[in-house]
Asks: 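To start, I am sharing the structure in question, which I have written as structure tokens.
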Amino acid sequence: MDVTDFVMGISGDAGEGVILTGDLITQVAARSNLHISSTQTFPAEIRGGQSYVQIRLGIDSIFNPGDRLDVLVAFNRLAYHRYKPTIASDGILIIDGDPETIDMASTFGDWRGGPIYVIPMGEIAAKDVGVKRAKNMVGLGAVTALLGFAPEHGEELVHRFFAKRGEALVEPNVAGYRAGREYVAKKVTKRDHLTIPKVSGEGYLVLSGNDAIALGALYAGCRFFSGYPITPASEIMQLLAEELPRVGGTMYQAEDEIASIAAAQGASYAGVRAMTATSGPGLSLMSELLGLSGIAEIPMVVVDVQRGGPSTGLPTKTEQSDLLSAMYGGHGEFPRVVMAPISIRDCFQVMRSAFEVAEIYQVPVIVLSEQGLGHRRATLPKALLKQTPIEKVTRPQRSWGPTYNRFEITESGISPRAMPGDPGGTHLITGLEHWDFGGPAHNLENRTEMVQKRFRKLRNLDRRYGGVFAFKGEDATQHLHATTDEEAGRLSAAAESFRGQIGVIGWGATAGVVREAVARAEKRGIDTAAIFPRMIFPHNDLTIRPFIQGHQKIIVVEENFTGQYARVLMHYYDFEPERLNKYDGLPFKPEEVLRKIEEVASHV
Amino acid sequence: MDVTDFVMGISGDAGEGVILTGDLITQVAARSNLHISSTQTFPAEIRGGQSYVQIRLGIDSIFNPGDRLDVLVAFNRLAYHRYKPTIASDGILIIDGDPETIDMASTFGDWRGGPIYVIPMGEIAAKDVGVKRAKNMVGLGAVTALLGFAPEHGEELVHRFFAKRGEALVEPNVAGYRAGREYVAKKVTKRDHLTIPKVSGEGYLVLSGNDAIALGALYAGCRFFSGYPITPASEIMQLLAEELPRVGGTMYQAEDEIASIAAAQGASYAGVRAMTATSGPGLSLMSELLGLSGIAEIPMVVVDVQRGGPSTGLPTKTEQSDLLSAMYGGHGEFPRVVMAPISIRDCFQVMRSAFEVAEIYQVPVIVLSEQGLGHRRATLPKALLKQTPIEKVTRPQRSWGPTYNRFEITESGISPRAMPGDPGGTHLITGLEHWDFGGPAHNLENRTEMVQKRFRKLRNLDRRYGGVFAFKGEDATQHLHATTDEEAGRLSAAAESFRGQIGVIGWGATAGVVREAVARAEKRGIDTAAIFPRMIFPHNDLTIRPFIQGHQKIIVVEENFTGQYARVLMHYYDFEPERLNKYDGLPFKPEEVLRKIEEVASHV
Amino acid sequence: MSNAPEAAPTKDDAAAAAPSQPCGRGRDLNQYKGRLKPIWCTGCGIFGVLNALMRSLCELDIDPENLAVVSGIGCSSRLPGFVKCYGYHGAHGRALPTAIGVKLGNPRLTVIAAGGDGDGLSIGIGHFPHAARRNLDLTYILIDNRIYGLTKGQTSPTTVEGYETKTSPTGVIEPPLNPVELAIVYGATFVARGYSAKVKDLQNLIMEAIRHKGFSFVQVISPCVTFGKGSGFDYFGPRIKPMPEDHDAGDRHAALHLVSDTDTLLAGIFYRQDRPEYVARLQARGGARGRELDASDPKIDTESLITRFS
Amino acid sequence: MSNAPEAAPTKDDAAAAAPSQPCGRGRDLNQYKGRLKPIWCTGCGIFGVLNALMRSLCELDIDPENLAVVSGIGCSSRLPGFVKCYGYHGAHGRALPTAIGVKLGNPRLTVIAAGGDGDGLSIGIGHFPHAARRNLDLTYILIDNRIYGLTKGQTSPTTVEGYETKTSPTGVIEPPLNPVELAIVYGATFVARGYSAKVKDLQNLIMEAIRHKGFSFVQVISPCVTFGKGSGFDYFGPRIKPMPEDHDAGDRHAALHLVSDTDTLLAGIFYRQDRPEYVARLQARGGARGRELDASDPKIDTESLITRFS
Ligand SMILES: Cc1ncc(C[n+]2csc(CCOP(=O)(O)OP(=O)(O)O)c2C)c(N)n1
Ligand SMILES: Cc1ncc(C[n+]2csc(CCOP(=O)(O)OP(=O)(O)O)c2C)c(N)n1
Ligand code: SF4
Ligand code: SF4
Ligand SMILES: [Mg+2]
Ligand SMILES: [Mg+2]
């Protein structure tokens, strides 16, 4: 087994603390200098159902939670049955049960994996610890011990977690953790080779996509957030509720999504970098006011953590089905920018580009994340928070001359922006068409000029914001890590020169999976490359055209039914892409993409 | 001068009663068995500014209000100056003023038209009638007399109009009208040949596009309307407020557009054909609930009378800029249908198709009209209201078996629909993804099947709803009048066979202008044809593909900046259309389209 | 047959097999069970609401086939799925305008709107005054747990000051809204408060509300046992007090007086008023016949339309 | 230079040339004239509101550069264009949440929200309770003409029963909302009613409202002379009555009592209350510094973030 990169699944009933166990394992791993990528499946219903966490661990950066399981941790028999089909051939099972009394042959007769460890988690919790609910902590202890993690990280983390919930909870849970470890130490003889590698370092951060967006915004100088809770975006708001006041900012919970964007527009108008975050239903509700940002030129950043649509749809599942709505939703025509982060790191980074573009070009910017990214976790170097420059948040006062016109018609399309408090800058903004000085105007020539002026901003958009992430062969890994807009720009240039058999195009969160599929295809001798534009709208023709022309067959990978991005591309280019679509609420697995690449390659 | 088809402009200050004068002239003409097409320019501001009505009159059907003026009626000097550039070379001027004292040479030195009639309208009103505000009625009398209209229609109409406003107003206004006519009879010697032709018949209806939509809905069995006032759609609601209760229906003024669509969905669910009508901002607000109609399969008709966008934009002006928003607005993916009526008659007819499609396929249908159509008026035969069949509005109760599943997965995608009150039909509908019986479902396979089922409805849409209006040469006129879906279907088939030099494609209200431009181009020897799909989405490939392939050059005509329909077409076909776009708030004039056709033809 | 797998936990085949629970005029409570089993957390207050509602319907002999239950989104908005009826689980915040549409679309139906404090008083509050003042004959049950349950514990418009939630980590600084007070001021003609732990009392209130001819409003205090830490049954139990016997529900000022005391939570009928019902008024003018339009109903008067437009 | 043609009637070069109108502490009323000339119908009540507002601003010595006037859409919502200020003529119904954002974005500004009865009580009413209870220091002027003016005469939430409008051709059947009553119940801490024909009184109310530290609400009865047939100045004149001298504005119940009499329209201050202001409370917790954040302000504590996430 490749112990430098393996996948673990943890499964149990919604009440058994599976999610917490998974979270703690990821943190233990991160402190042990392992990279992780983890994902959760929420129970569909309010109560009941199964919870599941999948964690991939490795010594290199990891970009998706993988597919086949090398380790399955089952908190009960049903959980075992549900996930046993996904086990790798030599995969390990760790399961709750009584090793003394269990009939291994009949219980695990259908097991297709490797070694099995039956650990009496529930019993230890109930009898030794005296607290039944500590079963998951016993499991945590057992699993970390079996994999060879040092004990101290886990104990510290358990301690920290429960201390926040109430001191009384600390002792039994720590006791459970210890009991789990002790049991393994005393009673279990390891029968497999899976032991985590020892790596030195300062440990990693563990961030979800939603965490990364919130922190990215904070670093990008955002000091105002308004929003309304919605799955799967609420965590952005919740994190900022804690962090914004610490830096003088404001988290404002509005009464609905319309009020959210209105308040953010008000704050932006007043001179603060402002944003809102929501999911599909909220984006729909905001669409009228997006147009106000467009015509009144109020900078605005709207994050949409997409979920299964339409309407309430599949609120706890992932989908990429808001692209066309982000590009075209809202009546009338106005310039806007749509960006899609491709990884958790990029969730952090995209926010700076989003705020810069919004502020410089005075347009609304929509950032399309998705449930599969927002609720996924990954390790990132501590340097990300230590070394990323923090945007200056002061918007100093300026004085404006007597001929100040807020919407002056300029070559670039960008007009001088006075903010309340600025001497000499008083003016009117309005959602009506207006003269350059702001007054409503119905004059035909002015209308024509103003529409053109506003759209000129997009034509003049700095290319460095339009970076395309490019993956080819062995380079894929490093390309995924473009940390600045400049680097992304260089990747764009690289992508233009790609030539080959199969070209894969995708957007957003599928990048992690596609990258891996591309690398695997390469190993199987299929000449493959992939590109992911981070800025989807306006379209980056310069990079995408040569990429499409340079490949015999193009596959467009999307988590939706109608092939929204494929449609967009077909508008620009005369080609019939192969499409790989999925709309059942789960993200792609690398295998699925690989299979499509192989299938297409076999027909080329 | 061609007295079988001429154009009149009436211009004055907003307070001078220009609009009323225009309305009455159109009605006089309609009663005199002339066809008309008229359009108004509202003053941009609440108060003040100029009002303008343009009326084209003729003995054949007319599809647009024309361009050059054959008659200009100016209620004051400023009005004269504003519109004199649009006069035809032998055009007539009728203007308020004192013929005794006026210095014709210096006042009309810049006049490029034909005969001038100076009529002391204001003075007659003030002195002879004794009511200054009756000036417009004096004008009406003078103009109708000059053109040779019989006196009785005008008098009756003036009487009827003011009787509704208060008996006291009748006498002075009728007196004004009479005084105007008498003045002409006594003092004016006609110096031109423009006299309306005498035609016999039963007279015509005069309908605006908004009237036609409201009446069309009524005839199509709509018995519930909910809406929120918005320019330029409010007249639909206002007419239905009067007419619906007369037939047992309900006009419900909701507190906003979200409540409007929600109430309409509730009524539709309960078993009544229901609709709402709005303009762009309202459509944006409704976009979340459109998706609910999609996933919960609630029939719904939403009319969007488009105006200049985005945001509040140009609320009293026309634009075709909500197409992409209608097609793609609203998060997630769901089947929907977008239709665009091409004429005032079609406003009436499209409503039946819209309600049928919504009800049969259980989808939301968006009908895209626009200010230029909603506020335009045209004559239509009385048979329209007398002979159009009226849809049965009863939704009789049905019984359902014990295995009734509201969202049963079927070949056609259409599932059996029980309505409240039906025995055995109780069920749950939800905006969440659901099992066939309605219960929320997160199952992967079910999700996939349900998405496919819903979209199958579009694939199976009866072709007769997808009619394309086709104009070529001398046939253009009759083609515009397809009165049934079947006829429109036949036109589609005709269009498939069109071959030639220039093909024009447009959608919605520009049809009337394009038709005329095509006919004029034909006369100048340019082989031209045009098609207007009434159902824009789903796309009618069968007709449009051969049309595009059959022409050397395609021009896409749209009242917007980004070329929304051109984009849609470019997605389907590999071609670079010529584009003719206008986004200053005014509709195209036939001349503008003709010029483009000539220009393109000269390069072919 | 349904495509839902046999084992789907959502499908309740138990209803048929359940022991009979006679109620009302020869009905059985099981007749009011929907096809789904409730998915609320064990001990959640909403169970009490469901229970009281089903008993009310049964006692009032309301035919499930002429009953529409309309809701928004939230834990509480899941209600329609668990009642045998024409259930409409719509969009967040839109239960009231939808319910109005349903009622106007078929005035013979008994229409009940239900939803949470977030659904009804945050995103949906704009619809509440307009529904109430119109006075359509429908019943609105606001299931108030003072928190956003479904989205896992954010501040709601009824969360009390100082309370810590996921979105108010240092405590709420807004005073809460008072749903009963709002309903009265908005023009609701029947206004009551119940408590989900007192099912029998709640049932009586809901029955009165449904019987009332006009817009009836019932706020139900209904603890969220998962995210409403510190405001569970323990908290509410001692605070819920019966309505003073001498309260005159016809006295608007007295009602406003009583409800403005937010320390004790009085349960009972605060206010009721006789005011013409909306649909009846529309029908008196010829409209609002809804689905019941049939052959004997008014026809379009084409001649008068022609006159109007020529 | 502007692209607006010299002759554009919208651009007011007259302001500079206008005869001086001294007011306040050495200010001139002309300093408060915006770049646009009002476009309301001759005789429209809103002129009175504009007048009273400008005088209030002048008297209170409010610097136009630190003033934001935010509105929605409607005749009345055109107000910001006619006042020298940072004007925000936003979307229909959204003046309040926008104004809140502006205030939070720069708490040093004087922020005034203004709009019509349709804007504020129909499409926008969902924002009103939440703005009021939060108690930010801003002033909301509701210009109530009981009709939709801009869209030419449809029923509004304050149109009285029986009144005929374009959308209620046989007369309105809903009882109107009572904005003052709503404001009190919503938690506004200053609630008044004025009349646009009594400019001086109105000015005094608006000045008090602006001075008030918290959410202040002023309903202004302001006839629409074009579409408000039968409810013009003639109608209101005799109905507007001064507030009884002995009214204690600190007494919420008394205020609710007074306002529930809808036959006479009392003008004056109904209610005022001292309650901690929202922005101040946020600032006490470190937040809401807005645009005034500068070099001396809190920095991101990167170390604690790292600890938190590892
Ligand atoms: C437009 C929209 N915004 C947000 C959400 C997310 N959401 C679902 S339920 C809910 C609030 C739940 O609170 P409440 O209405 O009090 O119901 P409870 O779960 O407490 O019963 C929210 C914010 C949504 N579904 N739709
Ligand atoms: C979303 C949206 N819906 C509808 C409209 C149309 N509209 C503009 S102003 C207005 C109402 C005007 O009434 P009110 O707010 O009372 O202002 P008034 O003109 O009477 O001062 C309406 C419905 C709009 N601009 N936007
Ligand atoms: S989360 Fe709260 S409200 Fe929702 S079901 Fe659980 S206990 Fe009930
Ligand atoms: S329409 Fe009415 S409210 Fe609007 S400006 Fe004219 S008088 Fe004033
Ligand atoms: Mg709640
Ligand atoms: Mg108004």
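Remember, predicted model here, so these are calculated numbers, not experimental data. Reminder, nothing fancy here: chain letters follow the sequence lines and each chain counts from 1.
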Asks: Check whether any side-chain N or O of A/Arg246 sits under 3.5 Å from a backbone N or O of D/Lys299 as a donor-acceptor pair, and report yes or no.
Replies: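 Side chain of A/Arg246 to backbone of D/Lys299, a donor-acceptor pair under 3.5 Å: no, none is there.
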
Asks: Which pair of heavy atoms, one from D/Ser310 and one from A/Arg31, lies closest together, and at what distance?
Replies: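 Result for this residue pair: O-NH2, 3.0 Å.
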
Asks: Determine, step by step, whether D/Tyr278 and A/Tyr252 satisfy the side-chain contact (heavy atoms from CB on, under 4.5 Å) criterion, reporting the C-alpha distance in whole Å, the side-chain angles of both residues, the deciding distance to 0.1 Å, and the verdict.
Replies: CA-CA 11 Å; D/Tyr278 187 80; A/Tyr252 178 76; 3.6 Å; yes

Asks: Below 4.0 angstrom, N of the basic side chain to O of the carboxylate: do D/Arg308 and A/Glu242 qualify?
Replies: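 Yes.
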
Asks: Nearest 0.5 angstrom please: D/Glu65 CD to A/Asp422 CG, how far?
Replies: 8.5 Å

Asks: Short question: side chain of D/Arg285, backbone of A/Pro245 - any donor-acceptor pair under 3.5 Å?
Replies: no

Asks: Return the OG1 to OH distance between A/Thr426 and D/Tyr32, rounded to the nearest 0.5 Å.
Replies: 11.5 Å

Asks: Salt bridge check: are D/Glu292 and A/Arg395 linked by an N-O gap of less than 4.0 Å?
Replies: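 No, no charged N to carboxylate O under 4.0 Å.
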
Asks: Between CG of D/Leu104 and CZ of A/Phe225, what distance do you get to the nearest 0.5 Å?
Replies: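 Rounded to the nearest 0.5 Å, the CG-CZ separation comes to 14.0 Å.
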
Asks: Under the criterion side-chain contact (heavy atoms from CB on, under 4.5 Å), which of A/Ile429, A/Thr430, A/Leu428 is the partner of D/Pro80?
Replies: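 Result for side-chain contact (heavy atoms from CB on, under 4.5 Å) with D/Pro80: A/Leu428.
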
Asks: Got a second to check how far D/Leu109's CG is from A/Met419's CE, nearest 0.5 Å?
Replies: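 So the CG of D/Leu109 and the CE of A/Met419 are separated by 12.0 Å.
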
Asks: Under 3.5 Å, is there a donor-acceptor pair between the A/Asn405 and D/Arg35 side chains?
Replies: yes

Asks: Run the side-chain contact (heavy atoms from CB on, under 4.5 Å) check on D/His89 and A/Leu432 step by step: do they pass?
Replies: CA-CA 8 Å; D/His89 179 236; A/Leu432 284 165; 3.6 Å; yes

Asks: Any chance you could lay out the side-chain contact (heavy atoms from CB on, under 4.5 Å) test for A/Leu239 and D/Phe309, step after step, and finish with the verdict?
Replies: CA-CA 11 Å; A/Leu239 180 50; D/Phe309 289 102; 3.7 Å; yes

